[in-house]
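Right, one structure below, let's go through it.
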Amino acid sequence: MHIYRQTRVWLLLTAIFLIVVNTPHVFAGGDLCSGTSETDLENVMRARGITQGVFFRIDSKTLKFEGHIDRGTYDKYLEAIDDEVTTMIINSPGGDSYDGVRIGLDMAKRNIDVIVDGVAGSSAANYLFTAGKRKIICRGFVGFHGNAGALYDKKTFEASIRSSVTDRKQIDKVLKETVATAEATIKLEKELFAKLGISQKLFDITQLNAKGLSPEQNLDFEFLLPSIRTMARFGIHHVEGRQDIDLAERLGLAVIYY
């Protein structure tokens, strides 16, 4: 009887060990984004204050990005990423679309899972969050408010650049470079969203002030925080977790959730 009990204990411990070892790594990442309502607020505020975002390794399989996406973030990403990485933790309010979409394309090719720990807004939502094979809103929220394709109108864009450049000798050079980057970004957006099966309509809607609600109501929101069901309507699948509307509002953001 004593040997039988020992055998049962040994089998139970072996089973527990195998469960822990074989549990998808994302759960380890989930433990990293535990917190309280106060630490959640501090977490997002910290990310918003990092003008040049940084990548750092949590462990061999997990990479974290925190702060703004700027021109140069893609190069930092290439330095940080390798074939061992299976999970990306994000805490970013967004930023540069050109670097963001290039990161998203590479993430999608690598089938990387994404965990939001804080915020994924703007370009971080459009390209990094959507690129995740599995997308987990662990703590925080994901907010959309348009993209390059929804914003770009060449005549309006060129007029805006001409009015903003003070050095008249540099106008043609700045105009050429800026238009080329905008059009390259839109081309890459189309490639990414076609690969992921995501509708451009999501970004066209969220580019508008009413974020998909009736324009006659004269509502003005900064972000749409879509529900999992709404994300699925536009082709964003394999999403888990929930949107923290309260956190977004405590940050002073005008958001709509549906």
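- Contact of the K173 side chain with the Q170 side chain is registered, since non-hydrogen atoms from C-beta on lie closer than 4.5 Å.
- Contact check on D113 versus K133 returns no salt bridge, with no Lys/Arg side-chain nitrogen under 4.0 Å from an Asp/Glu carboxylate oxygen.
- Ion pairing of K176 with D172 is absent here, as no side-chain N (NZ or NE/NH1/NH2) approaches a carboxylate O to less than 4.0 Å.
- The number of heavy-atom neighbours closer than 6.0 Å to OH of Y98, taken from other residues, nucleotides and ligands shown, is 12 or below.
- Looking only at atom types and distance, the side chain of S92 has no donor-acceptor partner in the side chain of H68 under 3.5 Å away.
- A donor and an acceptor atom, one from each side chain of N126 and E189, are nowhere located under 3.5 Å apart.
- Applying the salt bridge (Lys or Arg N to Asp or Glu O under 4.0 Å) rule to D83 yields the partners R110; only residues at least two apart in sequence or on another chain are considered.
- Counting heavy atoms from C-beta on, the side chains of L202 and I236 come closer than 4.5 Å.
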Subject >> Audit row: T87, L63, side-chain contact (heavy atoms from CB on, under 4.5 Å) steps and yes/no >> reply: CA-CA 6 Å; T87 302; L63 192 63; over 6 Å; no
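- Under the 4.0 Å criterion applied to side-chain N and carboxylate O atoms, D106 and K109 are not assigned as salt-bridge partners.
- Two rings, from F193 and F203, have their centers less than 6.0 Å apart.
- A salt bridge is defined here as a Lys NZ or Arg NE, NH1 or NH2 lying under 4.0 Å from an Asp or Glu carboxylate O, and D117 with R139 fails to meet this definition.
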